[in-house]
Amino acid sequence: MPAIPLPRTLYERRAPELAPDLLGCLLVREHEGRLAVGRIVEVEAYLGEEDAASHAHRGPTPRSRIMFGPAGYAYVYFIYGTYYCLNVVTGREGQGEAILIRALEPVTGIEAMYEWRRRGHRRADEAHSHSPSPHRLANGPGKLCQSLAIDKALNGHDLTRGERLWIEAGAGASVDRIGASPRVGVRGDELARSIPWRFFLAGDPCVSPTPLNRFHLG
DNA sequence: GTCAAGATTAGT
DNA sequence: CTAATCTTGACG
């Protein structure tokens with residue numbers, strides 16, 4: 001089956017509008033001759049300079065410059081000295097928008113995901129780590145990147161080419177299953193902390209664990 | 001150069 | 001609740 005990645009025009013929509021439509025789509029990773037696929041069950045939208053919670057809030061910097069480029073590219077950043085997080089750049093060039101992919105339901109290549117995740121552990125973690133059940137393999141942005149072997153080498157990667165890493169249309173998500181809540185772990189002004197730009201499949205076991213899961217929207 | 005904070009996670 | 005762990009970006 002040929003890869004049919006989402007086209008760049010689709011990524012050119014505004015992040016808060018596009019974000020809920022990514023729920024149910026498939027994130028595909030091709031690495032070391034193996035294929036791993038996960039269904040997107042949780043995302044967060046970030047805007048540019050007007051969004052106090054966004055890495056683009058203070059304009060283009062060496063880290064955030066990818067966000068200000070054209071849509072359809074991966075923005076991968078390193079956080080807390082340990083984890084990577086994956087975003088897709090959206091909107092028009094110069095706006096600085098992106099969508100953070102926060103959680104997946106593993107679909108294909110689960111064994112590869114276990115292996116890649118274990119490899120991503122630090123030594124200290126490895127001694128105590130045991131294989132989690134599949135629904136906890138990618139139920140958070142840091143774990144998702146471990147399980148798909150995503151690191152800074154993929155920062156700036158073109159997601160529309162259908163190689164190494166891309167997104168494909170999936171079955172979609174029925175509107176009545178889409179939950180919305182404030183974004184997890186963000187600082188900034190009251191608007192940034194309260195605006196409901198986290199979208200998730202309500203009740204899905206692969207959504208990241210947080211009290212915000214009780215929020216719901218039509 | 002220095003320093004505080006961070007779109008996280010696992011363990012106590 | 002807190003430690004782990006190190007990049008980033010602001011400031012001087």
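Chain naming here is simple, since letters A, B, ... match the order of the sequence lines and numbering starts at 1 in each. Keep in mind the model is a prediction, meaning the values are calculated, not measured.
When rounded to the nearest whole Å, the span between OH of Y83(A) and P of dT9(B) equals 7 Å. Taking atom CG of residue L212(A) and atom C1' of nucleotide dA7(B), one finds them 13 Å apart after rounding to whole Å. Counting to the nearest Å, the P atom of dG6(B) and the CZ atom of R187(A) are 5 Å from each other. L86(A) places its CG atom 12 Å from the C1' atom of dA7(B), with the value rounded to the nearest Å.
Dashed line: the shortest gap from a side-chain N or O of T82(A) to OP1 or OP2 of dA4(C) is not under 4.0 Å. The side chain of K152(A) places no N or O atom within less than 4.0 Å of a non-bridging phosphate oxygen (OP1 or OP2) of dT7(C). Within the structure, every side-chain polar atom (N or O) of R198(A) is placed at least 4.0 Å from both OP1 and OP2 of dA7(B). Using a 4.0 Å cut-off, some side-chain N or O of R117(A) falls inside it from OP1 or OP2 of dA10(B).
Comparing dT2(B) with dT5(C), their P atoms sit 23 Å apart, to the nearest whole Å.
Under the salt bridge (Lys or Arg N to Asp or Glu O under 4.0 Å) criterion, R29(A) pairs with no residue at all, not counting sequence neighbours.
Of the charged side-chain nitrogens involved, at least one lies within less than 4.0 Å of a carboxylate oxygen, so that E42(A) and R198(A) count as a salt-bridged pair.
Aromatic pair Y75(A)/Y73(A): centroids not less than 6.0 angstrom apart.
Side-chain contact between L104(A) and L148(A) is present, with heavy atoms from C-beta onward closer than 4.5 Å.
The base of dA7(B) sits within donor-acceptor range of the side chain of Y77(A), with an N or O pair under 3.5 Å.
Stretches of at least 3 consecutive Watson-Crick or G-U wobble pairs, with each checked distance under 3.5 Å, appear in DNA chain C as B:1-6 with C:6-11, B:8-11 with C:1-4.
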